[in-house]
Protein chains: 2
Amino acid sequence: MTAAAGQLDGLHRAAASRLRSVGQRYTANRRMLIEALADVSGPVTIAGILEGRSGLPVSSAYRSLTVLERAGLVQRVVMGEERARYELAEELTDHHHHHLVCSSCASVEDVTIPPELERDVDRILASLAGRSGFTAVSHQLDMVGLCRACG
Amino acid sequence: MTAAAGQLDGLHRAAASRLRSVGQRYTANRRMLIEALADVSGPVTIAGILEGRSGLPVSSAYRSLTVLERAGLVQRVVMGEERARYELAEELTDHHHHHLVCSSCASVEDVTIPPELERDVDRILASLAGRSGFTAVSHQLDMVGLCRACG
DNA sequence: TTTACTGCAAAGGGTTTGCAACATG
DNA sequence: CATGTTGCAAACCCTTTGCAGTAAA
């Protein structure tokens, strides 16, 4: 995603206003986190975030990410590993995507698929839901395999 | 899956022979784990397994499940939560399926979809792989929402 | 009888929380 | 200023490991 300066501006504006509407403040730490997430091309672990931005205490990262997630600005995702990863909410980026999870180096890359295939996914999920009294909210379609580097 | 007695027999036979071929033993604990997994209708956490079978020490559960997984008898899956869940390997049950993850009570149910939709999933994944130098190995298509009880 | 496996208890690693100091609106 | 937020350190929880004893083949 690696956002340009202008896009970053928009993100900050959106984040600030959304947080304000929930009675939360848009502090330096939270700004830093939004930027960190805008800078990468896939969901990252908290450890990954901390590496980059030294100085950010662990507990603050956890607490702030929780706040950002509850505000709908950040999406928490869990893939094959135990530890969670975080990415900007799709609502914020206007960029619906899926993930390529490398089973060797554990990296995760965003990827998009053509609209018609996306429609198929929705159809499949509707069918899944229908046959089981399940109220679908969202889906997760990830592919596990070997990335370009590891394959 | 809640297996009948005869099916259980088959599972035990398969497990025993598979383990033997890898120089491992099919012990009482491992048998108990296979039965526990055959008894439920979706992947379960280690805590969930331990609840049922009191007496099984935690460390043994972890170690045995690791062995069973490496032997290809058990599949370790991670959904929205941090802690892993375990299920019998599809190869063992001949029962390819997906998951319905309840975002409220965190329960996970197995579900199957019609073959033609399954083909669509494969097609989508092939497309995903093609456009990114990614070597697909497996996929994970899960639906998140509210289960019948919580909805 | 050999050697894989088990159980306990202690260690490890990531995440959460209490609390006093701090910064934002 | 009032209150949400931060940072530190301790607490927590789940998972892993060392080691002596046990049981499977």
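Within the structure, ring pair (Phe, Tyr, Trp, His ring centres under 6.0 Å) pairs that include any residue of residues 100-151 of chain B comprise B:His96-B:His139, B:His98-B:His139 (at least two apart or interchain).
For the pair B:Ala84 and A:Pro57, both in contact range of DNA chain D, the more 5′-proximal nearest nucleotide belongs to A:Pro57. For B:Leu56 and B:Gly23, each mapped to the nucleotide of DNA chain C holding its nearest heavy atom, the one lying further toward the 5' end belongs to B:Gly23.
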Inset, instruction - If a protein heavy atom is under 4.0 Å from the base, mark B; if only from the sugar-phosphate, S; if neither, -; do that for nucleotides 18-25 of chain D going 5' to 3'. - result: B----BBS
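Taking 4.0 angstrom as the limit, A:Ser64 places a side-chain polar atom (N or O) nearer than this to OP1 or OP2 of D:dT6. Contact annotation: A:Arg30 side-chain N/O to C:dT24 OP1/OP2 distance is not under 4.0 Å. Side-chain N/O atoms of B:Asn29 include one lying less than 4.0 angstrom from OP1 or OP2 on C:dG7.
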Inset, instruction - Evaluate salt bridge (charged side-chain N to carboxylate O under 4.0 Å, His left out) for B:Glu109 paired with B:Arg148, printing each intermediate quantity in order. - result: CA-CA 11 Å; B:Glu109 278 278 320; B:Arg148 204 189 301 265; over 6 Å; no
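A straight line from CG of A:Leu68 to P of D:dT5 spans 10 Å, rounded to a whole angstrom. The nearest whole Å value for the distance from the CD atom in B:Glu69 to the C1' atom in D:dT16 is 15 Å. Atom CD of B:Glu81 and atom P of C:dG14 are 20 Å apart (whole Å). Atom CZ of B:Arg70 and atom P of C:dC5 are 11 Å apart (whole Å). Distance CG (A:Leu50) to P (D:dC8): 13 Å, rounded to an integer number of Å. At whole-Å resolution of the value, CG in A:Leu65 and P in C:dT16 are 10 Å apart. Atoms CE (A:Met32) and C1' (C:dT24) sit 16 Å apart, rounded to a whole Å.
For the side chain to side chain donor-acceptor pair (under 3.5 Å) test with B:Glu87, the passing option among B:Gln75, B:His95, B:His99 is B:His99; the others fail.
Here the CG atom belonging to B:Leu33 is positioned 11.5 Å from the CG atom belonging to B:Leu73, to the nearest 0.5 angstrom. Of the inter-residue distances, the one linking B:Leu146 atom CG with B:Cys102 atom SG reads 5.5 Å to the nearest 0.5 angstrom.
Residues A:Arg123 and A:Glu118 are not paired through a salt bridge, judged by the lack of any N-O separation under 4.0 Å between the basic side chain and the carboxylate. At a threshold of 4.0 Å, the pair B:Glu35-B:Arg30 does not count as salt-bridged, since none of the basic side-chain nitrogens sits closer than that to a carboxylate oxygen.
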